[in-house]
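A quick write-up on the structure given underneath.
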Amino acid sequence: MSLLDRSFFDRPVLDVAPDLLGRVVVHDGPQGRVAVRLTEVEAYDGEQDPGSHAFRGRTRRNATMYGPPGLVYVYFTYGMHWCMNLVCRPEGVAGAVLLRAGEVVEGVDLATARRTRGEVPVRPRELARGPARLCVALGVVGALDGSDAVDPASPLRVQEGAPGAGAVRTGPRVGVAGAGAPTPWRYWLDGEPTVSAYRAAVPRRRRPAAPGRIDP
């Protein structure tokens, strides 16, 4: 399959996100190759999007989001998980699409070994069902942040693939709170068993103040 080119990503995130469904992410790592056909993604529209890492501007963490388009933005979350995004929009303008879920179409044994803990193998539909699981299945870690997914020499690439047979559905993004919560920028292929379950954001509760202490 041919690689997607940079012009594919040099577009608004709301155009790129649904167009990524059915495309194939390939990682050639030290242990071998794993490929995942995308079935679910979320769009994050940079500094104008309250749900985006770039909402408050450029930082060391989100610098990859500012391009050029086609780069891979990998970040660490909840102190335990890697998540993978594909950068969109012209260079210097932040935007990215989070890869939420997919079907492992190559390297199933390797992906299963990476995802299995204990003696019971993970079911095929669960291998890349969720953004953290997708990264584990593919072997994506922080060292791959800034990889160029449109470069044939890159270990992490995005191939054309084929759109899924199911209709494209939209809804609120998973775990996004505040002003960005209701935005229907999550896209998935209807009827795909690998699509993750929707979960609304859970507000963090503040611990009660200790006796004699006044919280700021």
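For the pair Tyr73 and Leu86, the minimum side-chain heavy-atom distance is 4.5 Å or more. A 4.5 Å side-chain heavy-atom check between Tyr66 and Val87 finds every atom pair outside the cut-off. Proximity of Val108 to Val34: side-chain heavy atoms (C-beta onward) are nowhere separated by under 4.5 Å. Within the 4.5 Å cutoff, the side chain of Asp190 has no heavy atoms near those of the Val168 side chain. Two residues are said to be in side-chain contact when any heavy atoms from C-beta on lie closer than 4.5 Å; Thr183 and Val176 fail this criterion. Val150 is not listed as a side-chain neighbour of Asp5, based on a closest heavy-atom distance of 4.5 Å or more. Using a 4.5 Å cut-off on side-chain heavy atoms (C-beta onward), Val41 and Leu98 make no contact. Val16 is listed as a side-chain neighbour of Phe8, based on a closest heavy-atom distance under 4.5 Å.
Cluster annotation: Val136 is not connected to Leu110 through the hydrophobic network of ILVMFWY side chains, with a link wherever side-chain heavy atoms come within less than 4.5 Å. Follow the hydrophobic side-chain contacts under 4.5 Å out from Trp188 and you never reach Leu38; the two are in separate clusters. Connection of Leu21 to Val195 is not established within any shared hydrophobic cluster, with ILVMFWY side chains joined at heavy-atom distances below 4.5 Å, either directly or through further cluster members. Val141 and Phe76 fall within a single hydrophobic cluster, where Ile, Leu, Val, Met, Phe, Trp and Tyr are joined by side-chain heavy atoms under 4.5 Å apart, directly or via other members. Residues Met65 and Tyr75 fall within the same hydrophobic cluster, defined by Ile, Leu, Val, Met, Phe, Trp and Tyr side chains chained together at heavy-atom separations under 4.5 Å.
Take Tyr44 and apply the ring-ring contact (aromatic ring centres under 6.0 Å, His included) test, not counting sequence neighbours, and it matches no residue. Under the ring-ring contact (aromatic ring centres under 6.0 Å, His included) criterion, Phe55 pairs with no residue at all, not counting sequence neighbours.
Hydrophobic cluster of Val105: the remaining members, joined at side-chain heavy-atom separations below 4.5 Å, are Met1, Val24, Val26, listed by chain and number.
To the nearest 0.5 angstrom, Asp10 atom CG is 11.5 Å from Asp15 atom CG. Of the inter-residue distances, the one linking Met84 atom CE with Cys135 atom SG reads 7.0 Å to the nearest 0.5 angstrom. The CG atom of Leu71 sits 12.5 Å away from atom CG of Leu144, with the distance rounded to the nearest 0.5 Å. Here the CG-CD distance, from Leu3 to Gln159, works out to 6.0 Å after rounding to the nearest 0.5 Å. Atoms CZ and CD, on Arg100 and Glu42 in that order, are 4.5 Å from each other to the nearest 0.5 Å. One finds the CG atom of Leu20 at 7.0 Å from the CG atom of Leu4 (value rounded to the nearest 0.5 Å).
Looking at Ser52, its side chain does come within 3.5 Å of a backbone N or O of Ala54 through a donor-acceptor pair. Of the possible polar contacts, one joining the Arg115 side chain to the Leu127 backbone as a donor-acceptor pair under 3.5 Å is found. Within the 3.5 Å criterion, the main-chain N or O of Gly180 finds a donor-acceptor partner in the side chain of Arg173. Remark: side-chain polar atoms of Asn62 are paired, donor with acceptor, to backbone N or O of His53 under 3.5 angstrom. Side-chain atoms of Ser154 never come within 3.5 Å of backbone atoms of Ser147 as a donor-acceptor pair (strictly under, hydrogens ignored). In this structure, Arg61 contributes its side chain and Arg58 its backbone to no donor-acceptor pair below 3.5 Å.
A salt bridge between Glu160 and Arg23 is absent, with no side-chain N of the basic residue lying under 4.0 Å from a carboxylate O of the acidic one. Between Asp19 and Arg11, at least one side-chain N (NZ, or NE/NH1/NH2) sits under 4.0 Å from a carboxylate O, which counts as a salt bridge.
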Quick one, Ser196 with Glu40, criterion side chain to side chain donor-acceptor pair (under 3.5 Å). Give me CA distance, side-chain angles, the key distance, then yes/no.
CA-CA 8 Å; Ser196 65; Glu40 181 186 5; 2.8 Å; yes
Can you list the steps and then say if Asp151 with Arg6 is a salt bridge (Lys or Arg N to Asp or Glu O under 4.0 Å)?
CA-CA 9 Å; Asp151 181 354; Arg6 206 168 304 284; over 6 Å; no
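Within the structure, side-chain hydrogen bond (donor to acceptor under 3.5 Å, both in side chains) pairs that include any residue of residues 83-97 comprise Asp45-Arg89 (at least two apart or interchain). Judged as a salt bridge (Lys or Arg N to Asp or Glu O under 4.0 Å), the pairs with a partner in residues 124-145 (not counting sequence neighbours) are, in order, Arg123-Glu126, Glu126-Arg129, Glu126-Arg133. Among residues at least two apart or in separate chains, side-chain hydrogen bond (donor to acceptor under 3.5 Å, both in side chains) pairs with a member in residues 101-111 are Arg37-Glu103.
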